[in-house]
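For reference, the structure discussed in these notes is given below.
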Protein chains: 2
Amino acid sequence: MARTDAVFRNSFNGLIKICNKLKVNDKLDPESTLATKLDVSRTVIRSVLQAFVKLNIIKISGRTKTLIRMPNKNDLLTIQERTISLGQLETDFLNWLLHFDVPPNTILNVTKVSKQFSVAPHTLQEFFSGLSRFGLIERRAKGGWILRGFTKNFAIELSDFRVVLEINAIRHLIKLPENHPIWSQLGELKNKHNDLLRNIDQNFHDFSQLDELYHITINKIVKNRFVEEFQKIISLIFHYHYQWDKTEERSRNEAAIKEHIKTIEALLNKDEILAIDCAKKHLNTSKQTLLSSLITHNLG
Amino acid sequence: MARTDAVFRNSFNGLIKICNKLKVNDKLDPESTLATKLDVSRTVIRSVLQAFVKLNIIKISGRTKTLIRMPNKNDLLTIQERTISLGQLETDFLNWLLHFDVPPNTILNVTKVSKQFSVAPHTLQEFFSGLSRFGLIERRAKGGWILRGFTKNFAIELSDFRVVLEINAIRHLIKLPENHPIWSQLGELKNKHNDLLRNIDQNFHDFSQLDELYHITINKIVKNRFVEEFQKIISLIFHYHYQWDKTEERSRNEAAIKEHIKTIEALLNKDEILAIDCAKKHLNTSKQTLLSSLITHNLG
DNA sequence: TTGAATGTTTTTAATAATAAAATACAATAA
DNA sequence: TTATTGTATTTTATTATTAAAAACATTCAA
């Protein structure tokens, strides 16, 4: 079999659902209507209808399709759920890279990796091609792919780029009018930081999540597809490392919270110079954490 | 045939070249050495050697491979040159999009487009997947790809992003030490601008090239893989449009040259505020030109 | 004996072939 | 006419296949 008949099976079960809303002797909609309803081509609908005729669920004469018996559970076709979304693949793959300390210059075997993540080889190829735009992996001359990141240079360049994007976001943010929702959001964010700071001894683990929220709040101000694409990757990598590097976690997080609060206060006071200064300081701390965690894991 | 035997054919001709450096009765290098020399696997070398035996070019006995006749031109295998590089594909494809005013939301037919650019369908798929990271094209739910850009929003977001990157480059540039080559390069660049300005009536067409040089000179200061990836796309699109939009070209170019000169002078004086101001003004002009040329071509 | 070289087998990736689905076009009946 | 169905064509997703790479085993010469 060349293509899977997943679309057929889904449509088959979909038509059963539609029939279940009817009574025996009711007439079915025309092919094109059914096709639109199930968001597939008429070709598929026609195959499904033929299958229904064979199962004596419907009777076709001319242009009238009559339901002659209610379909039941036994009529349903089984569907193997093994297609994960491209977004999920991205998360899973990056998590795998980071979690298992896959070293740089590892040759990635498309066949094996595609099995591991239960996707078709060509889906993975497509995905790899996308990632290669970020310099994380590269095509090899003799075929296949090679993992380039996370090297020290990758981390440095990623951090630097992050600074560029986030400082830009801050410049935009500070110019927003008084009635923009961002200001109340920042107030709330500040409260959350203070709350965590009060219970830092018990809850210092929660900082990872708060850090992500902090950066998202600031960066979402810039509505730009290019920026957003990068933020996805940046956020994933930094967020993962925060969870990962456990050395001096408590004191590290406490310091970071204070940096956040300073930045938020500067933003609320619309002090651009100070806000940028504070943000840069925090981003630099973050960069050092990322670098040191790479060294701890013998990467880079 | 599943895979092409292009590697075999290239290695075959490669080995002929190697043999031509020998004399009759000379011995050939071991398989593994030949494999390294031609940068292919031993498997290929072995097939080529077998082919050479059949053609009575060499004689193999045990581990000695003796040249028994000089190979000639007739022995060479023909190689069909129709593989273009991935970089070339990128340039060709974007040029096609821009040159033929391919409208947004066009459904791209992988089979047809791959023939048009004479690449394998899966190569194109891979390439499309990469481009989709920039939001230029998208995967369709029912299969295939759809062209999203160049819409007005795409152009606006691209321009805005360009500003972020270039202003960042300027901030870095201005901090460079006196002995850095950039300062003499900027001096030269300024002279080129003045030269063109003196002969603007005759040579205003040459500005397109000068504009590209100007932006490259500034942006190359930032050594960052993410920035560089974007600059490739940005440069292609803006540069193309400059060549394209012929309305008021002379006066438009003259104004742009003056903006360039002002920026360069500010940079040479290390006046950061002024340089950023001038650069922003120029980038905004550039953005407006891009937008108006989109409207002229009924895109967006 | 040892290690470089060759022989053999297994694995992997690129492409052609193929079946499913989408689309386009033609015919028909209400 | 126009909505609907029938038929043909195009296109995509996946499988099967072949070339090439890589791994492993063996042999031979120093």
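We name chains A, B, ... by the order of the sequence lines, and we start the count at 1 in each one.
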Problem - Interatomic distance, B/I146 CD1 vs D/dT12 P [rounded to whole Å] - result: 13 Å

Exercise for the section: Would you mind reporting whether B/L165 and A/F161 have side-chain heavy atoms less than 4.5 Å apart? Expected result: yes

Exercise for the section: For C/dT11, take OP1 and OP2 only and decide whether either is under 4.0 Å from a side-chain N or O of A/N109. Expected result: no

Problem - B/V40 side chain reached by B/I45 side chain, heavy atoms, under 4.5 Å - result: yes

Completion exercise
Atom CD of B/Q50 and atom P of D/dA19 are separated, to the nearest Å, by 15 Å

Exercise for the section: Please state how far atom CG in A/L34 lies from atom P in D/dT4, giving the value in whole angstrom units. Expected result: 11 Å

Handout entry: Aromatic ring proximity B/F226/A/F154, centre distance under 6.0 Å
Key = yes

Fill in the blank from the handout: Note: for A/I60 and A/T123 on DNA chain D, the residue whose nearest nucleotide lies more 5' is A/I60

Problem - Proximity to the side chain of B/Q125 - top-ranked nucleotide from C/dT6, C/dT12, D/dA13 - result: D/dA13

Exercise for the section: Respond yes when some side-chain nitrogen or oxygen of B/H122 is under 4.0 Å from OP1 or OP2 of C/dT15, and no when none is. Expected result: yes

Exercise for the section: Using a cut-off of strictly less than 4.0 Å, decide whether B/R139 has a side-chain nitrogen or oxygen near OP1 or OP2 of D/dA13. Expected result: yes

Exercise for the section: Ignoring backbone atoms, test whether A/K112 places a side-chain nitrogen or oxygen under 4.0 Å from the OP1 or OP2 oxygen of C/dT11. Expected result: no

Practice task
Compute the bend angle of the helix from C/dT1-D/dA30 to C/dA30-D/dT1 from the end axes (five pairs per end), rounded to 10°.
Solution key: 10°

Problem - For atom CG of B/N10 and atom C1' of D/dA20, their distance in whole Å - result: 13 Å

Problem - Expected output: side-chain A/N109 to main-chain A/K112 donor-acceptor under 3.5 Å - result: yes

Completion exercise
When rounded to whole Å, the CG to P distance for the pair B/D29 and C/dA5 reads 9 Å

Problem - Within the 6.0 Å centroid threshold, strictly below: B/F117 and B/F127 - result: no

Practice task
Starting at atom CG of B/L49, determine the distance to atom P of C/dA5, rounded to an integer number of angstrom.
Solution key: 14 Å

Handout entry: Row check, B/W145 ring normal vs B/R140 NZ/CZ: under 6.0 Å, within 45°
Key = no

Handout entry: Electrostatic pair B/R139-A/E126, nearest N-O below 4.0 angstrom
Key = yes

Fill in the blank from the handout: Here the distance between atom P of D/dT11 and atom NZ of B/K115, to the nearest Å, is 8 Å

Handout entry: Distance-only polar pair, side chains of B/R69 and B/N56, donor-acceptor under 3.5 Å
Key = no

Exercise for the section: Mind calculating the distance between NZ (B/K65) and C1' (C/dG7) to the nearest angstrom? Expected result: 12 Å

Handout entry: Phosphate contact (D/dT5 OP1 or OP2) by A/R46 side-chain N/O below 4.0 Å
Key = no

Problem - Test item: B/Q231 and B/I216 side chains (from C-beta on) under 4.5 Å apart, heavy atoms - result: no

Handout entry: Footprint string (nucleotides 21-30 of chain C, 5' to 3'): B base within contact, S backbone only, - free, heavy atoms under 4.0 Å
Key = SBBB---BB-

